[in-house]
K.L.:
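Quick one: the structure is below, questions incoming.
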Amino acid sequence: MTEEKSLNFLEDIIEEDLKTGKYKSIVTRFPPEPNGYLHMGHATSICLNFGLTRKYGGYTNLRFDDTNPVTEDTEYVESIKGDIKWLGFQWKNELYASDYFDTLYEYAVKLINLELAYVDDSTSEEIAELKGTPTEPGKDSPYRNRSKEQNLDLFERMKNGEFADGSRTLRAKIDMAHTNMLMRDPLLYRIKHAHHHRTGDKWCIYPMYDFAHGQSDSIEQITHSICTLEFVPHRELYDWLIEKLEIYPSHQYEFARRNLTYTVMSKRKLLQLVNDGHVKGWNDPRMPTISGMRRRGFTPASIINFCDRIGIAKRENATDFSLLEFCLREDLNNTALRAMAVLDPVKLIISNYEDGKTEEFESENGPDESLGKRIVPFSKELWIEREDFMEEAAKKWFRLAPGALVRLKSAYIVRCDSFDKDENGNITAIYCTYFPETKSGSDDSGMKVKGTIHWVSAQHADRAEVRLYDRLFKVEDPSAEEGDFKDYINPDSLQIANAFIEPSLKNASIDQRYQFLRKGYFCLDEDSTPEHPVFNRTVTLKDAWAKEVRK
RNA sequence: UGGGUUAUGGUGUAAAGGUAGCACAACAGAUUUUGAUUCUGUUUGUCUAGGUUCGAAUCCUAGUAACCCAACCA
């Protein structure tokens, strides 16, 4: 953290603006549309906008871009606010584009008075037809040269609800032959007799994005209005409107949206996953939504650190999912409490251990001693992981096999003597001898083993449902593949294990993160009840053996 | 056949004419009562072709490729 980090291009611009005295402090905004849940892409924008004002002084507004009443809802407003707070950011003002509808209407009238806007009676098909194409210029609308008085009158009557939806629009009068399609008389207002989540039925005309966003920035005196690359062509219009309206000159800057491998990140596609039942909801732990990731067990610190590491630039990108996993593990390794859980159990019986005897061992809760220790009970019959035993030891196999020795974590070293198998060839029991002098903490045997495995005492174990999540898609970029992106969904993205867990996990709390030794990081799910605990696997541990096997 | 934006290892991101760096990933090794963590090391890169310069990722010229723009969405 002490080493100097190079600046991204936005920080360069801001430092220059501050140095030259263009601004004394900066103001940014996070402008979500309240029509869906926030996802990892929004997290990048949140970290950027809030991070910049945190670093350089100033503040960030939360502004809901609620100019389209038919898709928006207060339900989303609440979830968005909750997600931002969970990430640990605090906005200065909670604002809504709809707060400015009166001012925006005045702005539109001003434009008409300047003869820079007109009411168009064309249908949407006619408008599209006259718009031209990127390679061909458009043609003027027959309504383009209406008088100022007539435009004023018609626009007011649009506001008063005299016309049907779609029958008229207000358009800026710029240049139908402009090489930038957005400058070919862009639509400013459209008629929608729709109930708005905040303004109710007061309005039946609503401003378009281009006539709301920049103007809202200006009203709030946003110094740096940061958005994604697809808005680059809008900047010309953004500046044009500010200039003609003679209002505070906010400036728009664009960065490339962040993509992540093995997932999709558009609201539309995420909505399909929900609606088609591929996931159980917006907060399904497999979803790249903030609420899904929170439920999965991601920490705010890991997400913020990730956003920090991937940086900001203007080129197309797809960040390795493994970097996100790295950030997650890095945080969780330091904070997660250790515990033992056996996900795919097989019985281990210690032949020379006294029937009915119980011992209690101490085991560390984590790498940091301040996390303390906990008691784990031990007895003659244990559950161990099925995959920790091999009938015939492979090369470099450190775990249990006939004749092989392993340490039972925090307990004794055992040697495998024999095993039982059913008619299907499944191992049903493993018989071992333990060495009393190898007791953890007071081992003076001098015996060395290569492997240590986790276990749970059969008579003390509790049951738990463990949900093992994996990536949602089988391919790096599902949207780029042939056919529908949903064809590439990973059918094994969720597997349910009926696990045995150690007794200390009875006290698990929903805010605590756990490392099930050698298996990964887990957290309690909201579906959990005291009678039926449910854990989510947040992420696996790195697994050198799995890699060895692949070779 | 228009306009705009972008090209640096497998991935992401630095280097404002002067040693192509950092992180993830991959690979090799050390340590380890988690095959985890930690530590050490290694491999891999300036879109192409010319030019300017003592010296070019950076400047110039000409190409090439990718992405965005023809919603009464944002």
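Nothing here was measured: the structure is a model prediction, and the numbers come from that model. In what follows, chains carry the letters A, B, and so on, assigned in the order in which the sequence lines appear, proteins first and then strands, with residues in each chain numbered from 1.
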K.L.:
From CD of A:Glu136 over to C1' of B:C69, roughly how many Å is that when rounded to an integer?
P.N.:
15 Å

K.L.:
May I ask you to say what A:Lys396 touches in the nucleic acid, namely base, sugar-phosphate or nothing, with a heavy-atom cut-off under 4.0 Å?
P.N.:
base

K.L.:
Distance between the P atoms of B:G45 and B:G10, in whole angstroms?
P.N.:
7 Å

K.L.:
Closest nucleotide of RNA chain B for A:Ile191 versus for A:Pro233: which of these residues is on the 5' side?
P.N.:
A:Pro233

K.L.:
Can you tell me, in whole Å, how much space there is between the C1' of B:G17 and that of B:C59?
P.N.:
8 Å

K.L.:
Which value, in whole Å, describes the distance between the C1' atoms of nucleotides B:A62 and B:C67?
P.N.:
22 Å

K.L.:
Give a yes or no on whether the backbone of A:Asn61 and the side-chain of A:Glu220 come within a donor-acceptor separation of less than 3.5 Å.
P.N.:
no

K.L.:
Looking only at N and O atoms, is any donor in the side chain of A:His454 or the base of B:A36 less than 3.5 Å from an acceptor on the other one?
P.N.:
no

K.L.:
For the side chain of A:Glu72 and the backbone of A:Asn68, is there at least one donor-acceptor N/O pair under 3.5 Å apart?
P.N.:
yes

K.L.:
Taking only N and O in the side chain of A:Lys395, is any of them less than 4.0 Å away from OP1 or OP2 of B:G35?
P.N.:
no

K.L.:
Classify A:Asn180 by what it touches in the nucleic acid, base, sugar-phosphate, or nothing, heavy-atom distance under 4.0 Å.
P.N.:
nothing

K.L.:
For RNA chain B, which residues of residues 443-453 of chain A approach it to below 4.0 angstrom with any heavy atom?
P.N.:
A:Thr452

K.L.:
Report which part of the nucleic acid A:Pro134 touches: base, sugar-phosphate, or nothing (heavy-atom distance under 4.0 Å, all strands).
P.N.:
base

K.L.:
Going by side chain to side chain contact (heavy atoms under 4.5 Å, CB included), A:Met265 matches just one of A:Thr44, A:Leu260, A:Leu270. Which one?
P.N.:
A:Leu260

K.L.:
Using atom CZ of A:Phe326 as one end and atom C1' of B:U37 as the other, report the distance to the nearest whole Å.
P.N.:
11 Å

K.L.:
Just compare B:A36, B:A23, B:C73 and give me whichever is closest to any side-chain atom of A:Leu323.
P.N.:
B:A23

K.L.:
How many Å lie between CD on A:Glu330 and C1' on B:U37, as a whole number?
P.N.:
11 Å

K.L.:
Would you please test A:Phe473 and A:Thr261 for side-chain contact (heavy atoms from CB on, under 4.5 Å) and show each step?
P.N.:
CA-CA 9 Å; A:Phe473 290 92; A:Thr261 56; over 6 Å; no

K.L.:
With a 4.0 Å cut-off on heavy atoms, is A:Lys192 in touch with a base, just the backbone sugar-phosphate, or nothing at all?
P.N.:
sugar-phosphate

K.L.:
Name the nucleic acid region contacted by A:Ile413, choosing base, sugar-phosphate or nothing; use a 4.0 angstrom heavy-atom cut-off, strictly under.
P.N.:
nothing

K.L.:
Can you tell me which residue among A:Thr67, A:Leu187, A:Leu111 is in a side chain to side chain contact (heavy atoms under 4.5 Å, CB included) with A:Phe211?
P.N.:
A:Leu111

K.L.:
Nearest-Å distance, CG (A:Asn317) to C1' (B:U8)?
P.N.:
14 Å

K.L.:
Classify the nucleic acid contact of A:Arg309 as base, sugar-phosphate or nothing, counting any heavy atom under 4.0 Å across all strands shown.
P.N.:
sugar-phosphate

K.L.:
Where the side chain of A:Arg190 is concerned, which of B:G35, B:U33, B:C72 is the nearest nucleotide?
P.N.:
B:C72

K.L.:
What's the closest nucleotide to the side chain of A:Arg338 if the choices are B:A36, B:U34, B:C72?
P.N.:
B:U34

K.L.:
Let me know, please, whether A:Ser124 or A:Ala313 comes out on the 5' side of the other along RNA chain B by nearest nucleotide.
P.N.:
A:Ala313

K.L.:
More than 12 foreign heavy atoms under 6.0 Å from CD of A:Gln512: is that the case here?
P.N.:
yes

K.L.:
Taking any heavy-atom pair under 4.0 Å as a contact, classify A:Phe398: base, sugar-phosphate, or nothing.
P.N.:
base

K.L.:
Mark yes or no: A:Lys269 above the aromatic ring of A:Phe485, with NZ or CZ under 6.0 Å from the six-membered ring centre and no more than 45 degrees from the axis.
P.N.:
yes

K.L.:
How would you label the contact of A:Ser122 with the nucleic acid (heavy atoms, under 4.0 Å): base, sugar-phosphate, or nothing?
P.N.:
base

K.L.:
With rounding to the closest Å, how many angstrom separate the P atoms on B:G21 and B:U6?
P.N.:
26 Å

K.L.:
Could you measure between the two C1' atoms, the one in B:A57 and the one in B:U8, and give it in whole Å?
P.N.:
7 Å

K.L.:
A:Leu237 has an atom CG; how far is it from atom P of B:G3, in whole Å?
P.N.:
20 Å

K.L.:
Using a heavy-atom cut-off of under 4.0 Å over every strand shown, decide if A:Ser363 touches base, sugar-phosphate, or nothing.
P.N.:
nothing

K.L.:
For nucleotides B:U38 and B:U33, find the distance between their C1' atoms and express it as a whole number of Å.
P.N.:
16 Å

K.L.:
For a quick check of understanding: with a heavy-atom distance under 4.0 Å over all strands, which category does A:His213 fall into, base, sugar-phosphate or nothing?
P.N.:
nothing

K.L.:
Between B:G12 and B:U44, how many Å separate the two C1' atoms, rounded to a whole number?
P.N.:
15 Å

K.L.:
Can you say whether a donor on the side chain of A:Arg315 sits under 3.5 Å from an acceptor on the base of B:U8, or the other way round?
P.N.:
yes

K.L.:
Could you measure between the two P atoms, the one in B:A49 and the one in B:U43, and give it in whole Å?
P.N.:
25 Å

K.L.:
Which part of the nucleic acid, if any, lies within contact of A:Thr133, taking any heavy atom under 4.0 Å across all strands shown: a base, the sugar-phosphate backbone alone, or nothing?
P.N.:
base

K.L.:
Mind checking A:Ser322 for me? I need base, sugar-phosphate or nothing, with any heavy atom below 4.0 Å counting as a touch.
P.N.:
sugar-phosphate

K.L.:
Send over the distance from A:Met208 CE to B:A70 P, rounded to a whole Å.
P.N.:
11 Å

K.L.:
Round to a whole Å and report the spacing from CD of A:Glu316 to P of B:U5.
P.N.:
14 Å

K.L.:
Rounded off to whole Å, could you give me the CG-to-P distance for the A:Leu405 and B:G35 pair?
P.N.:
16 Å

K.L.:
Assess A:Arg146 against A:Tyr118: is NZ or CZ under 6.0 Å from the centre of the six-membered ring, and within 45 degrees of the ring's axis?
P.N.:
no

K.L.:
Take atom NZ in A:Lys55; do more than 12 heavy atoms of anything else shown fall under 6.0 Å from it?
P.N.:
yes

K.L.:
Taking salt bridge (charged side-chain N to carboxylate O under 4.0 Å, His left out) as the criterion, tell me which of A:Arg157, A:Arg171, A:Arg168 meets it with A:Asp121.
P.N.:
A:Arg168

K.L.:
What nucleic acid atoms does A:Phe231 come within less than 4.0 Å of, heavy atoms only: base, sugar-phosphate, or nothing?
P.N.:
base

K.L.:
Pick base, sugar-phosphate or nothing for A:Gln515, based on heavy-atom distances below 4.0 Å to the nucleic acid.
P.N.:
base

